[in-house]
Amino acid sequence: MEENMEEGQTQKGCFECCIKCLGGIPYASLIATILLYAGVALFCGCGHEALTGTVNILQTYFEMARTAGDTLDVFTMIDIFKYVIYGTAAAFFVYGILLMVEGFFTTGAIKDLYGDFKITTCGRCVSAWFIMLTYLFMLAWLGVTAFTSLPVYMYFNLWTICRNATLVDEANFCLDLRQFGIVTVGEEKKLCSSSENFLRMCESTELNMTFHLFIVALAGAGAAVIAMVHYLMVLSANWAYVKDACRMQKYEDIKSKEEQELHDIHSTRSKERLNAYT
């Protein structure tokens, strides 16, 4: 009988511990972190592969070659964009972890377990710093989203030309890379629907795959923007909670001091009465 009671108390204790741990999870920050990681993964992974496909299309069908030396051509720019993607993936992986840690420290259940870190001066400064940094990152991701829409527009034009060339007989559609600033005005890299390379490019799966990879990368950048907005809402709510908690702490300190003063006054008067009596 006693063993059953002990087992029941143990199970009850484990259940209460699990409930307390689950209550300490910052679910809003967790959702924003998952959305941020998903968006960054889509943008970086699909963007990298789309850039690689772009290089293959330019070299295979437009017959472009890398310029010797340190000349800044389209292939060098693509290599730079790839390095930017590597840095973006690493930076926002670390930033997501930092925001999750901040969310844990700003959760009420964690405060009860580990103390009042969040209402110290350091905690308030960290929250304010994250709000400012997240706002700047949101603006940056808005710019990245706008920039990613450019290759989507270019590939949409190319895909439309391929589709129209198959629908309209004896039509001669041309795509000139000078229109998009990929090559200089002095270079003529034009591909018309009457050429063999154009037909091979339109029939290949590489063009269709690269186009859709850029679309997914654009969606990933948009998801990162939504994650940044979500983080801003969470951090702003945490900041308001930190501010209220700080005011409450000051009120409790003042109240405690007043009660201590009243207690000291009462003790002093009691001693004076006792001395007078004796």
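- Note that NZ of Lys82 is 8.0 Å distant from CD of Glu49, once rounded to the nearest 0.5 Å.
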Extract all donor-acceptor atom pairs below 3.5 Å that involve side chains of residues 34-46 and protein atoms in other chains or at least two apart in sequence.
unit_1	atom_1	unit_2	atom_2	d
Tyr37	OH	Phe93	O	2.7
Tyr37	OH	Ile97	N	3.4

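- At a threshold of 4.5 Å between non-hydrogen side-chain atoms, the residues Leu51 and Ile85 count as touching.
- With sequence neighbours excluded, no residue forms a side-chain hydrogen bond (donor to acceptor under 3.5 Å, both in side chains) with Thr88.
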Throw together a table of side-chain donor-acceptor distances under 3.5 angstrom for residues 137-144, partners on residues two or more places apart or in other chains.
none

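- Looking at heavy atoms from C-beta onward, Tyr231 lies out of side-chain contact with Ile131 at the 4.5 angstrom threshold.
- For the pair Phe130/Tyr95, a side-chain contact is recorded, criterion being any heavy-atom separation below 4.5 Å from C-beta on.
- In plain terms, the two heavy atoms of Met201 and Leu207 that are nearest each other are O-CB, 3.8 Å.
- Using modelled atom types, one side-chain atom of Ser149 and one backbone atom of Ala146 make a donor-acceptor pair closer than 3.5 Å.
- No more than 12 heavy atoms of other residues, nucleotides or ligands lie within 6.0 Å of CE in Met209, so this atom counts as exposed by the packing criterion.
- Here Trp129 contributes atom CH2 and Thr134 contributes atom OG1; the two are 10.5 Å apart, rounded to the nearest 0.5 Å.
- Note on Met228: it clusters hydrophobically with Leu98, by side-chain heavy-atom contacts below 4.5 Å among ILVMFWY residues.
- In terms of the side-chain hydrogen bond (donor to acceptor under 3.5 Å, both in side chains) criterion, Thr148 has no residue partners (sequence neighbours excluded).
- When all heavy atoms are compared, the tightest approach of Ala50 to Thr210 is O-CG2, 3.4 Å.
- Through side-chain heavy atoms spaced under 4.5 Å, either directly or across other Ile, Leu, Val, Met, Phe, Trp or Tyr residues, Tyr86 is tied to Tyr83.
- What you find for Leu235 and Glu102 is that their closest heavy atoms are CD2-OE1, 3.4 Å.
- From Asn208, atom CG reaches atom CG of Leu213 across 9.5 Å, with rounding to the nearest 0.5 Å.
- Taken together through direct or relayed side-chain contacts under 4.5 Å among Ile, Leu, Val, Met, Phe, Trp and Tyr, Phe211 and Phe147 form part of one hydrophobic cluster.
- Following chains of ILVMFWY side-chain contacts shorter than 4.5 Å, one cannot reach Ile226 starting from Val229, and the two form parts of different hydrophobic clusters.
- You'll find the side chain of Val234 stays beyond 4.5 Å of the side chain of Leu99, heavy atoms only.
- One distance of note links CG of Asn157 with CE of Met154; it measures 8.5 Å at 0.5 Å rounding.
- Here salt bridge (Lys or Arg N to Asp or Glu O under 4.0 Å) pairs that include residues 216-240, with residues two or more places apart or in two chains, number zero.
- The shortest side-chain heavy-atom distance between Thr54 and Tyr155 falls under the 4.5 Å cut-off.
- Expressed to the nearest 0.5 Å, how far CE of Met132 lies from CG of Leu232 amounts to 12.0 Å.
- Residues Gly47 and Ala217 come closest through the heavy atom pair N-CB, 3.9 Å.
- Note on Tyr61 and Ile161: same hydrophobic cluster, where clusters join Ile, Leu, Val, Met, Phe, Trp and Tyr whose side-chain heavy atoms are under 4.5 Å apart, directly or indirectly.
- With rounding to the nearest 0.5 angstrom, the OG1 atom of Thr76 is 6.0 Å from the CG atom of Asp79.
- Tracing side-chain contacts under 4.5 Å through hydrophobic residues (I, L, V, M, F, W, Y), one reaches Phe156 starting from Leu58; they form part of the same cluster.
- Taking a 6.0 Å sphere around OH of Tyr135, one finds it holds 12 or fewer heavy atoms contributed by other residues, nucleotides or ligands.
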